[in-house]
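Counting begins at 1 with the first residue of the sequence.
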Amino acid sequence: MKRIKLGLILILSGLSLLWWLADPMNLGDGGYFAIRTLAVHYSGVLAMGVMSVAMLLALRPLWLEPLLGGLDKGYRLHKWLGIAGLALATVHWLWAQGTKWAVGWGWLTRPQRGPRPEQTVEIFRFFQEQRGLAETIGEWAFYGFVVLAAIALIKRFPYRRFFQTHRLMASIYLALVVHSVVLLPFGYWSSAVGLVLAALMAGGTYAAILSLAGRIGRAHRASGEVARIVRHPSNQVLEVELLLRTAWPGHDAGQFAFVSFDPTEGPHPFTIASAWAGDGRMTFMIKPLGDYTCTLPDRLKLGDAVEVEGPYGRFDFADANERQIWVAGGIGITPFIARLEALAGQPAHAPVDLFYSTRQPDEGFIASLRQLADKARVRLHVLVADRDGRLDADGICRTVPEWPKAGLWFCGPAGFGNALRQALGIRGFGADRFHQELFDMR
């Protein structure tokens, strides 16, 4: 989380500094309308800057994963940038429209302005002639942005609607690029803020075009079919094994992929629940957490075509601690199953304790997990909520007295993980030793 916060702060502070350097004298006295001009320009620069970075993150760039700590962190930053862009665009709209309303209601008197100086640069003269159109485009794009952002953020809307409508955000972004290019003060283009904005909007435009064409992630896709389906009725987990027919680069335990069982539904992210053996086979554990995943047990059949994109993520179990503690909540056991398979083939590894907390125990599933843990030489601790109570930091520390020398890897409900992180932090457990996957794409 620190990297995400730092990234957001650096983006906002960097754009702010560049904007101020473009014309520091803008901060002088000039009355309400001078302040309004200042606020409109500043909020516009920040809004387009953060939205452009959000569009670039939508490309799912693999080279950024080490810097951010994984694509899950990249998506969280993408979400925060989107929220920041919405807030800044709202401020921008209020300063622009609110002033017009106040003048129309007689609350403000617009100062007399002389004729605009004649533009000698042909492109800037053209931009001046298009100001009214650009303002109209920006206003309606803002309204569209608000609607699409609401669909993305309000989880009552099903994932399918989110997936179908979120791609339209690329069209909204392109409209806002037109608005910004025409209305950005001409003097900014020769300054650092103009050059940076131009680069960001060019990259964002490229990302938007790829998104509209459905080409994001195409280079990392493989196709295959459903080879095996196992239902675990007690914990409502659907185990699906795929057989890929096209090239797959392989994956590490803890990574995830976007899986599309139905082209009309679109891809969903699922953690990979198997180690890679080079035979084209990979397994996913799917919990019915939404409208679509609830229907999969009845809809999915052997031989169904499937497309997989990835692998992504940095939940890689790599640390330099003397031992590791793994904590899985519910379906969060998935990356640990893949890691157990990988460790089963290794001659030696650091001591590991795996805590699996579940409200819906499935005896067959747990028996298979115990067998796999024995092969991997990992101590398994199964806690059923109704029988053993909820797993907490006290229970972990009592069970693993060597916890101060361990690194902890958590996958499960966010609230559960945050509570553990806070409780262990009070005991002096360093935040850099607590690894948590932020598996939330909305």
Side-chain angles (χ1 to χ4, degrees), residues 15-16 18-19 22-23 26 32-56 81-82 84-104 108 110-149 168-209 211-212:
L15 288 170
S16 297
L18 292 176
W19 169 81
D23 191 359
N26 273 340
Y32 171 83
F33 283 91
I35 295 174
R36 183 248 192 184
T37 299
L38 176 88
V40 167
H41 291 166
Y42 180 47
S43 58
V45 165
L46 289 185
M48 283 310 299
V50 298
M51 283 191 278
S52 297
V53 177
M55 285 301 307
L56 289 169
L81 288 169
L86 178 61
L88 289 163
T90 301
V91 170
H92 182 80
W93 175 79
L94 285 172
W95 274 105
Q97 293 298 118
T99 299
K100 293 179 181 179
W101 295 337
V103 170
L108 290 173
R110 190 181 297 277
Q112 295 294 324
R113 290 188 302 186
R116 293 181 183 273
E118 183 178 353
Q119 276 293 336
T120 58
V121 180
E122 187 64 30
I123 186 66
F124 290 162
R125 184 183 299 117
F126 174 75
F127 285 170
Q128 271 190 347
E129 296 169 354
Q130 307 305 318
R131 289 184 64 86
L133 176 61
E135 288 175 355
T136 301
I137 290 174
E139 181 181 355
W140 285 101
F142 168 73
Y143 300 146
F145 183 24
V146 171
V147 172
L148 294 179
L168 296 176
M169 195 68 81
S171 299
I172 298 295
Y173 173 80
L174 292 176
L176 291 172
V177 168
V178 173
H179 170 83
S180 302
V181 168
V182 173
L183 296 179
L184 192 73
F186 301 147
Y188 283 14
W189 291 114
S190 59
S191 67
V193 70
L195 296 175
V196 169
L197 266 185
L200 288 176
M201 288 192 292
T205 298
Y206 172 73
I209 292 171
S211 176
L212 290 171

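- Residue Trp101 places its CH2 atom among more than 12 non-hydrogen atoms of other residues, nucleotides or ligands, all under 6.0 Å distant.
- Side-chain contact between His179 and Phe142 is absent, with no heavy-atom pair separated by less than 4.5 Å.
- With rounding to the nearest 0.5 Å, the separation of CD in Glu139 from CD in Gln97 is 4.0 Å.
- When all heavy atoms are compared, the tightest approach of Ala149 to Leu86 is CB-CD2, 3.9 Å.
- In this structure, Met55 CE and Leu174 CG are separated by 7.0 Å, a value rounded to the nearest 0.5 Å.
- Residues Ser43 and Val91 share a closest heavy-atom pair of CB-CG1, 4.3 Å.
- The shortest distance between side-chain heavy atoms of His41 and Leu184 does not fall below 4.5 Å.
- Here the closest heavy-atom approach between residue Ser16 and residue Leu46 is recorded as OG-CD2, 3.7 Å.
- Atom CH2 of Trp189 and atom CG of Leu197 lie 7.0 Å apart (nearest 0.5 Å).
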Please walk me through it: do Val182 and Phe126 pass side-chain contact (heavy atoms from CB on, under 4.5 Å)? CA-CA 9 Å; Val182 173; Phe126 174 75; over 6 Å; no
Could you walk me through whether Trp140 and Thr136 pass the side-chain contact (heavy atoms from CB on, under 4.5 Å) check? CA-CA 6 Å; Trp140 285 101; Thr136 301; 3.8 Å; yes
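- Classification of the Trp19-Tyr42 ring pair by plane angle, with boundaries at 30° and 60°, yields tilted.
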May I have the step-by-step check of side-chain contact (heavy atoms from CB on, under 4.5 Å) for Thr37 and Trp95, ending in yes or no? CA-CA 9 Å; Thr37 299; Trp95 274 105; over 6 Å; no
